[in-house]
Each structure stands twice: as C-alpha cells, then as structure tokens.
Amino acid sequence: METLGAPGAGIAVAVENLFPPIPSEIILPLAGFAASRGDLNLVAAIVFTTLGSLIGALALYGIGAWLGIDRIKWIAKKLPLVDVSDVDKTEEWFKKHGSKAVFFGRMLPIFRSLISIPAGIERMPVWKFALLTTAGSLIWNTIFILAGFWLGEQWHIVEQYADILKYVVIAVVVAAVGWFVISRVRKHRSGQTDGIV
C-alpha cells in the first residue's frame, strides 16, 4: 500500500481471496488508517479493494467451473464417509439458495473465499456472481476500511473484534463437521449409504 497506494490495497485483497490465511481483517482497517493519514484516498481504497475482491473471487469461480459437478461426484465417490447423494443435496441447496450464499458469504470469514468455488461448480451466471460478489464485498470492505479510518492509530482494535466473528464461524463449522462425521459413521454402520468407505 505504501508503494502502490490504493491499487496496492486492491492487490493485497485479491491475494487474500486466493490465500485466506492472509486476513482481510488486517488489510482493510490498515488501508483505512492509511487513508486517515492522507496516504490513500478513502474512496479509492474502497473501490480498489472491492475490485481486488472481485478479481480474486472470479479466479476461484474459474477453478470451480473447471472442476465441474462430474469431477466433484467422482471425488466424492473416493472419499470416506461422503456419498454422491451428499453432492446432489448440496447441488439442490445451492440452486435454491446460491444467490444468498454468495452475497452473505462475502461477509463471513473463511467462507468469503470458499463460496466462489461452489458458484463456479454450479455455473452460476458470471454476471450474477460478479454482481453479488461486488455488492457483498463492497459492504464488507467499506465497514472495515471506515473502521480503520475512524480508529486511526487504534485501527488494530478491529482485528480483535473480527477474530471473535472468525472464531464463532470456526466453532460452527467444527460442530457441523463433527455432527456430519458422527451421523455418517452411524449411517455407514447400518449400511445405508451409496459411498465407498
């Protein structure tokens, strides 16, 4: 950001989409702080980070489109505790709720990046995916950049609150995975699956 300004913030966010361990919860408030010092233009920071979010999301969408539903089903057959029917159910769910998942998913840690892949697998129209991604990312980016802008030197406080949200999401995911594994093991023991153990 010091070298490239707002475009640098956009590049950082695009990379964060592809490599989620780089947290946007640090990049965005830092961009806001830089804007509060006059090092960046506030509007440009929001525009470029949102553009970066879109570019990163489109790259993951492309990976999902390349994988396609047939490859996913083939992979599912090879995985323990996973049935092809799980893929079918997920596909049906995404057809009904995909738009909401993409939009709101852009505002959830971890899912921010991952939601692009099922959208690509299901071949959601690119224009629709881009529109929902841009809208969701614009909200997320604006909140965090403005928080960094208003907090100034205390911009890092945002990370503490963002971490709470991240840990809540992780706890929910771990609980869901645990429930899935336990219920699937019971199902496999009773011989009610179409998968390969």
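This is a predicted model, so every value here is computed, not measured. Numbers here simply count residues along the sequence, with the first being 1.
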For V13 and T50: C-alpha separation, side-chain torsions, deciding distance, then whether side-chain contact (heavy atoms from CB on, under 4.5 Å) applies.
CA-CA 8 Å; V13 170; T50 301; over 6 Å; no
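No donor-acceptor pair under 3.5 Å is formed between the side chain of T133 and the backbone N or O of A130.
Heavy-atom minimum distance, A101 versus F94: CB-CE1, 4.4 Å. Looking at every heavy atom in both residues, G68 comes nearest to I121 through C-CG2, 4.0 Å. L40 and A45 make their closest contact through CD1-CB, 4.4 Å (heavy atoms, listed as atom of the first residue, atom of the second, distance).
The shortest distance between side-chain heavy atoms of L28 and W140 falls below 4.5 Å. Between L146 and L42 the shortest side-chain heavy-atom distance falls below 4.5 Å.
In this structure L60 satisfies the side chain to side chain contact (heavy atoms under 4.5 Å, CB included) test together with L18, I63, S113, S116, I117, sequence neighbours excluded. Partners of Y61 under the ring pair (Phe, Tyr, Trp, His ring centres under 6.0 Å) rule, at least two apart in sequence or in another chain, are F129.
Interatomic distance, K95 NZ to M124 CE, rounded to the nearest 0.5 Å: 12.5 Å. Between atom CG of residue L54 and atom OG1 of residue T134 there is a gap of 4.0 Å, rounded to the nearest 0.5 Å. With rounding to the nearest 0.5 angstrom, the CG atom of N141 is 10.5 Å from the CE atom of M107. In this structure, CD1 in I115 is found 13.0 Å from CZ in F103, a value given to the nearest 0.5 Å. Atom CD1 of residue I11 and atom CD1 of residue I27 lie 11.5 Å apart, to the nearest 0.5 angstrom.
Cluster annotation: W150 and I145 are assigned to the same hydrophobic cluster (Ile/Leu/Val/Met/Phe/Trp/Tyr, side-chain heavy-atom contacts under 4.5 Å, transitive). Using a 4.5 Å cut-off between side-chain heavy atoms of Ile, Leu, Val, Met, Phe, Trp and Tyr, with links allowed through other members, L138 and V102 fall into the same hydrophobic cluster. A continuous path of ILVMFWY side-chain contacts below 4.5 Å connects F149 to I139, so both sit in one hydrophobic cluster.
One side chain, R106 or S137, offers a donor N or O that lies under 3.5 Å from an acceptor on the other.
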